[in-house]
**Student:** 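Take a look at the following structure, please.
These numbers were taken from a predicted model, which means no experiment stands behind them.
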Amino acid sequence: MNQEKRRKRALITFGIGEGAYKFMYDFFKDFQNFFLTNIANMNPVMTGTIISAMNIFKVFFSPVTGIIIDSNPFKSKDKFLPWIRYMPFALTAFFMAMAGSAWAKLPTPVTVLFFVSAYIFNTLLFNGYKGAIPTLAKNENEVSVVSTSSNLFKEVCRFLVGVAGPLLIVKLSATGKAEDAQGFFFTLLIFCSITIILYLTVAFEYKNATAGELKETVKAIKRQGKKGGANVSAMFRQIVSNKPLLIVFLTCSFAIVRYFVAAPMAPYFFKYVIGDVTLMAWYKAATQIVAIVATFLAPFILKYVIKDIKKLYIIILIAITGAHLGLAVTGSSLWGFNILMTIAQFFYSLKGVYDIVLFAAAIDYAVWKNIKKGGTETVAQGTAMSFYFMAITISQVIGVSILNWGLVQAGYQGAETVANPALASNLMYVVTYLPAAACVIALIIFLFFKLDQNKLSEMRKEIAEYNELQKKL
């Protein structure tokens with residue numbers, strides 16, 4: 001197989017890494033509250049405090065990981081490859097130590113230490129993997145191929161985790177009938193093992209695909225680094241000076257809160273409202289199927305149905321809000337919950353695709369404004385895109401905080417909680433109104449986004465003309 005064929009194959013297989021990340025991280029994320037409260041026996045207030053503190057720290061730690069990766073501490077020919085190849089092993093060690101310490105009933109601070117380590121250092125794997133994309137993909141079409149494969153593998157693996165996770169955690173438990181520390185440990189071990197195998201596959205394909213071009217690519221990256229290294233304060237100044245970017249950043253910071261409330265609430269809903277956690281598998285299956293469908297449909301909807309990204313995004317936020325408010329009508333009905341949350345997930349998955357479109361539009365605006373001022377294109381696109389990860393982290397801080405506040409207000413007392421009608425009713429209030437409120441705030445912020453499709457088309461045309469002119473100089 002020649003080098004070009006290897007590279008084309010790697011463009012598709014690189015997306016496996018996105019799925020691998022979901023095997024490890026999605027199970028952890030879905031059950032993190034449940035693990036700390038029901039398995040590690042921590043109260044909801046302490047749980048919320050720890051998770052919120054870690055997410056606040058990650059907001060600032062994320063750009064630091066970029067600096068660490070760019071400094072190439074492994075002295076590798078490719079600064080990204082070691083993180084793709086070895087970081088899954090390190091994270092697996094942290095995760096298993098966390099689950100094992102809870103199972104062995106070691107002192108709570110020991111479990112928390114490993115929890116914090118796994119929670120923070122997953123950023124190195126995420127950014128190390130994502131940072132390798134420009135080395136592999138050489139043009140917009142190739143970036144699109146990587147993005148498509150990443151979204152596909154991500155949603156498929158989310159589906160598999162969503163279906164298998166709730167079943168395995170029960171079936172692998174000591175009794176085989178109820179979730180416990182043993183079930184959590186062995187389920188996490190299975191998912192972490194799959195993650196390692198998939199990332200090793202990605203590393204192998206990536207190394208083979210970039211072997212012939214690596215030397216020049218690394219030189220180019222080093223030259224760019226000398227012109228301007230990662231600078232946290234510069235990134236924040238860029239946000240403040242770019243109004244569309246600021247609006248998109250704040251919109252995502254609130255809109256994504258919906259996910260960090262709705263997803264962790266599912267185990268509580270099925271345990272304390274329905275009374276059977278295994279039924280969560282059907283819910284996860286339905287939501288992940290529609291997520292995959294939405295991923296495929298997203299570009300076609302924008303191209304052929306609603307061609308204005310601003311109007312489409314507004315409709316999506318309204319639809320998500322409406323689906324959650326619909327729970328006020330269906331109450332604790334299992335079918336009502338499954339149907340409405342499946343609808344919400346469909347639109348939320350569309351939103352996830354269009355988030356990147358909006359960030360790209362805001363970056364194009366910055367480039368266009370710079371051209372209008374007669375300058376050169378100095379906008380750091382990678383720096384601006386890093387705020388998408390920061391928006392996710394900030395939304396997680398907000399989501400986890402209000403979720404745990406809501407659980408306390410609902411009457412949840414940790415592992416000793418006994419299901420009762422009042423608790424069930426209060427939990428329904430949490431999953432109904434908190435995500436809806438976050439989406440309403442996001443909608444209000446987004447109404448100030450002024451770039452419609454005509455303006456975006458005009459800007460991108462002028463940018464393309466400017467780039468062609470620069471090539472001739």
Side-chain angles (χ1 to χ4, degrees), residues 133-134 137 139-148 150-151 235 237-256 294-320 347-392 439 442-471:
I133 293 177
N139 54 56
E140 290 183 358
N141 290 333
E142 293 184 353
V143 172
S144 178
V145 171
V146 173
S147 178
T148 300
S150 295
N151 284 333
M235 289 196 294
R237 286 197 301 270
Q238 183 178 344
I239 278 191
V240 173
S241 62
N242 186 336
K243 186 177 179 180
L245 184 61
L246 177 61
I247 291 172
V248 174
F249 170 71
L250 291 175
T251 298
C252 289
S253 295
F254 282 98
I256 301 174
T295 299
F296 278 111
L297 292 180
F300 299 100
I301 293 174
L302 181 59
K303 185 174 182 179
Y304 298 110
V305 183
I306 303 175
K307 300 179 181 181
D308 191 316
I309 183 62
K310 181 178 180 179
K311 293 178 181 178
L312 180 54
Y313 203 82
I314 289 174
I315 292 172
I316 288 171
L317 291 176
I318 293 173
I320 297 172
F347 285 100
Y348 183 84
S349 297
L350 289 178
K351 185 201 72 66
V353 176
Y354 301 142
D355 285 344
I356 304 299
V357 175
L358 289 171
F359 268 93
I363 294 169
D364 286 342
Y365 173 80
V367 174
W368 176 77
K369 288 290 289 184
N370 194 42
I371 292 173
K372 284 295 185 181
K373 294 178 180 178
T376 58
E377 294 184 45
T378 57
V379 177
Q381 298 187 16
T383 298
M385 284 301 296
S386 73
F387 281 103
Y388 177 58
F389 182 83
M390 294 178 68
I392 295 174
C439 287
L443 176 60
I444 293 172
I445 294 172
F446 189 67
L447 291 176
F448 292 93
F449 188 77
K450 301 300 182 181
L451 301 181
D452 59 21
Q453 203 59 41
N454 291 333
K455 183 64 176 178
L456 287 171
S457 298
E458 176 188 332
M459 287 185 341
R460 286 165 178 161
K461 181 180 178 181
E462 292 185 25
I463 292 171
E465 291 173 351
Y466 176 84
N467 290 338
E468 286 299 319
L469 179 62
Q470 290 300 304
K471 291 179 181 179

**Student:** Who passes ring pair (Phe, Tyr, Trp, His ring centres under 6.0 Å) against Y348, sequence neighbours left out?
**Tutor:**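 Residues passing ring pair (Phe, Tyr, Trp, His ring centres under 6.0 Å) with Y348: Y259.
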**Student:** Do you know the tightest heavy-atom contact between K311 and I306?
**Tutor:**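 Smallest interatomic distance, heavy atoms only, reads CB-CG2, 4.4 Å.
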**Student:** Answer yes or no: is there a side-chain heavy-atom contact under 4.5 Å between Y354 and I301?
**Tutor:**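 A side-chain contact exists here, since the closest heavy-atom pair is under 4.5 Å.
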**Student:** Heavy atoms only: give me the nearest A362-P244 pair and the separation to one decimal.
**Tutor:**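 Of all heavy-atom pairs spanning A362 and P244, the closest is CB-C, 3.8 Å.
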**Student:** Considering all heavy atoms of both residues, which atom of K351 and which atom of D355 are nearest to each other, and what is their separation?
**Tutor:**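 Shortest heavy-atom separation between K351 and D355 comes out as NZ-OD2, 2.5 Å.
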**Student:** Testing D308, L443, I309 for side chain to side chain contact (heavy atoms under 4.5 Å, CB included) with I314, which one passes?
**Tutor:**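 Among D308, L443, I309, the one meeting side chain to side chain contact (heavy atoms under 4.5 Å, CB included) with I314 is L443.
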**Student:** Any side-chain heavy atom of E458 sitting closer than 4.5 Å to one from N454?
**Tutor:**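 Of all side-chain heavy-atom pairs linking N454 with E458, none is under 4.5 Å.
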**Student:** Quick one: ring pair (Phe, Tyr, Trp, His ring centres under 6.0 Å) partners of F449, sequence neighbours excluded?
**Tutor:**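 Result, ring pair (Phe, Tyr, Trp, His ring centres under 6.0 Å) vs F449: F446.
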**Student:** Quick check for you: to the nearest 0.5 Å, what is the distance between L350 atom CG and I316 atom CD1?
**Tutor:**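 Answer for the CG-CD1 pair, L350 versus I316, is 5.0 Å.
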**Student:** How long is the gap from CD1 on I444 to CZ on F254, to the nearest 0.5 Å?
**Tutor:**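 With rounding to 0.5 Å, CD1 (I444) is 10.0 Å from CZ (F254).
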**Student:** Taking the side chain as everything from C-beta on, heavy atoms only, tell me whether T251 gets closer than 4.5 Å to L358.
**Tutor:**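 The answer is no, as the side chains (C-beta and beyond) never meet within the 4.5 Å cut-off.
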**Student:** If you compare all heavy atoms of Y313 against all heavy atoms of C252, which two are closest, and at what distance to 0.1 Å?
**Tutor:**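 In this case the closest contact between Y313 and C252 is OH-SG, 4.1 Å.
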**Student:** Indicate the atoms forming the closest heavy-atom contact of A255 with A442, along with that distance.
**Tutor:**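 Closest pair (atom of A255, atom of A442, distance): N-CB, 3.7 Å.
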**Student:** If I take atom NZ from residue K243 and atom OH from residue Y365, how far apart are they, to the nearest 0.5 angstrom?
**Tutor:**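 Taking NZ in K243 and OH in Y365, the distance rounds to 8.5 Å.
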**Student:** At what distance, to the nearest 0.5 angstrom, does CD1 of I320 lie from CD1 of I315?
**Tutor:**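 The CD1 atom of I320 sits 12.0 Å away from the CD1 atom of I315.
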**Student:** At what distance, to the nearest 0.5 angstrom, does CD1 of I318 lie from CZ of F347?
**Tutor:**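 If we round to the nearest 0.5 Å, I318:CD1 and F347:CZ are 10.5 Å apart.
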**Student:** Work out which heavy atom in K310 is nearest to a heavy atom in L451; give both atom names and the distance.
**Tutor:**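 Heavy atoms only, the tightest pair is CB-O, 4.3 Å.
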